[in-house]
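Order of listing sets the numbers, starting from 1, for every ligand and every atom in it. As a basis for the values below, the full set of heavy atoms in this structure was taken, side chains included, without hydrogen atoms, waters or symmetry mates.
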Amino acid sequence: MEELFYQKLLRIMPENQVKLKESMDKHTTLHIGGSADYFVTPAGTEEIIEVIRLCNKEGMPFYVMGNGSNLLVSDDGYRGLIMKIAEDYSQEWIKEDGTVIAQAGILLSKLANRIAKHSLTGFEFASGIPGTLGGAVTMNAGAYGGEIKQNLISVKVVDTDGNVLTLRKDELELGYRTSILQKKGYILLEATMKFEHGNQEEIFARMQDLNRQRREKQPLEQFSAGSTFKRPEGYFAGKLISDAGLKGYQIGGAAVSDKHCGFLINKENATAKDFVTLIQEVIRIVHEKYGVTLEPEVRFLGDFRREA
Ligand SMILES: Cc1cc2nc3c(=O)[nH]c(=O)nc-3n(C[C@H](O)[C@H](O)[C@H](O)COP(=O)(O)OP(=O)(O)OC[C@H]3O[C@@H](n4cnc5c(N)ncnc54)[C@H](O)[C@@H]3O)c2cc1C
């Protein structure tokens with residue numbers, strides 16, 4: 001069965017884009033996670049669609065990821081196929097009138113630089129978010145008062161049956177760290193955005209300033225998935241966790257960052273079990289002290305029954 005499915009994948013894409021038993025700690029910024037049975041890195045739209053159709057036909061579970069900067073993969077890994085849409089699918093086209101079309105796998109840092117080089121303003125906020133455009137649209141990523149939603153015009157997605165759809169922004173149900181892509185399992189192929197012309201020097205200066213603020217406040221030198229929890233209405237997760245006395249609190253190799261309590265980090269070879277246990281403990285203690293229920297922003301992938 002394993003051999004057969006592998007051969008079928010090789011009919012869709014070259015051997016160097018298909019891996020068996022790929023360890024997911026290499027593909028997540030947390031550096032945690034067991035292996036995926038199959039791991040593919042498509043380089044074209046047809047490959048993405050064909051892989052989805054093959055998985056459906058063969059009853060193979062599949063999951064799409066970008067840069068793995070918001071993902072916690074279980075210690076047992078993933079029984080199925082993971083499709084990483086990243087640098088091999090990352091072209092962008094920038095037009096005179098400020099319209100930008102980009103493929104899902106482009107890194108936000110790279111896209112922000114390209115947009116700035118064209119003296120377009122509005123994407124500076126995204127330059128320090130370490131994800132792909134696919135992950136960012138799905139999560140409606142945001143920072144420093146900006147959100148992906150603001151400049152989006154439309155997206156091209158594939159549904160779970162392999163059909164390509166074009167959706168306008170108002171059809172995307174974009175909310176705080178949520179979108180219809182998450183709810184329906186749509187896969188982002190490309191997004192069209194529109195930006196205003198601005199002063200190039202000021203745009204680069206703003207990006208540098210935001211990235212300096214990040215370096216000062218966030219533990220960028222440690223393995224994390226960014227803010228582990230969503231912002232609870234009326235509060236800041238980091239402040240609640242800090243006020244609860246949990247700064248530096250550690251379980252196994254996972255810890256609450258000393259620098260920013262909203263970031264849980266992989267401090268010393270943490271397992272997914274350490275990380276999940278820490279998340280649960282933080283939620284429990286914060287709820288006990290302040291009656292606020294923190295909700296994880298990080299996405300869980302795989303079977304966590306062993307970790308629970
Ligand atoms: C140091 C650090 C700082 C961070 N700062 C911020 C911040 O300021 N603001 C913020 O919003 N986030 C932040 N994050 C979290 C993360 O970078 C964002 O959520 C980012 O948008 C995730 O993109 P990704 O490509 O890494 O997605 P992944 O982690 O690979 O996946 C995240 C989700 O997106 C889905 N997905 C990925 N690609 C696609 C696709 N092509 N089609 C459909 N679904 C897809 C996955 O299935 C998963 O559900 C930070 C993370 C780190 C490590």
Should one rank [options] by closest heavy-atom distance to [atom], which comes out on top?
{"atom": "atom 5 (N) of ligand 1", "options": "Lys84, Gln218, Arg214", "answer": "Arg214"}
{"atom": "atom 44 (N) of ligand 1", "options": "Val137, Thr138, Leu133", "answer": "Thr138"}
{"atom": "atom 10 (C) of ligand 1", "options": "Gly185, Ala143, Gly142", "answer": "Gly142"}
{"atom": "atom 18 (C) of ligand 1", "options": "Ile106, Ile129, Leu210", "answer": "Ile129"}

At under 4.0 Å between heavy atoms, which part of [X] makes contact with ligand 1: side chain, backbone, both or neither?
{"X": "Ala104", "result": "side chain"}
{"X": "Ala86", "result": "neither"}
{"X": "Gln182", "result": "neither"}
{"X": "Tyr63", "result": "side chain"}
{"X": "Met65", "result": "both"}

Contact check: Val64 vs ligand 1, nitrogen or oxygen atoms, below 3.5 angstrom: yes
Measure centre to centre between the rings of His118 and Phe195, then say whether the value is under 6.0 Å. no
Output the list of atoms in ligand 1 that are nearer than 4.0 Å to some heavy atom of Thr29, sorted by atom number. 53 (C)
Exactly one of Lys21, Arg79, Lys19 should register a side-chain hydrogen bond (donor to acceptor under 3.5 Å, both in side chains) with Asp37. Which one does? Arg79
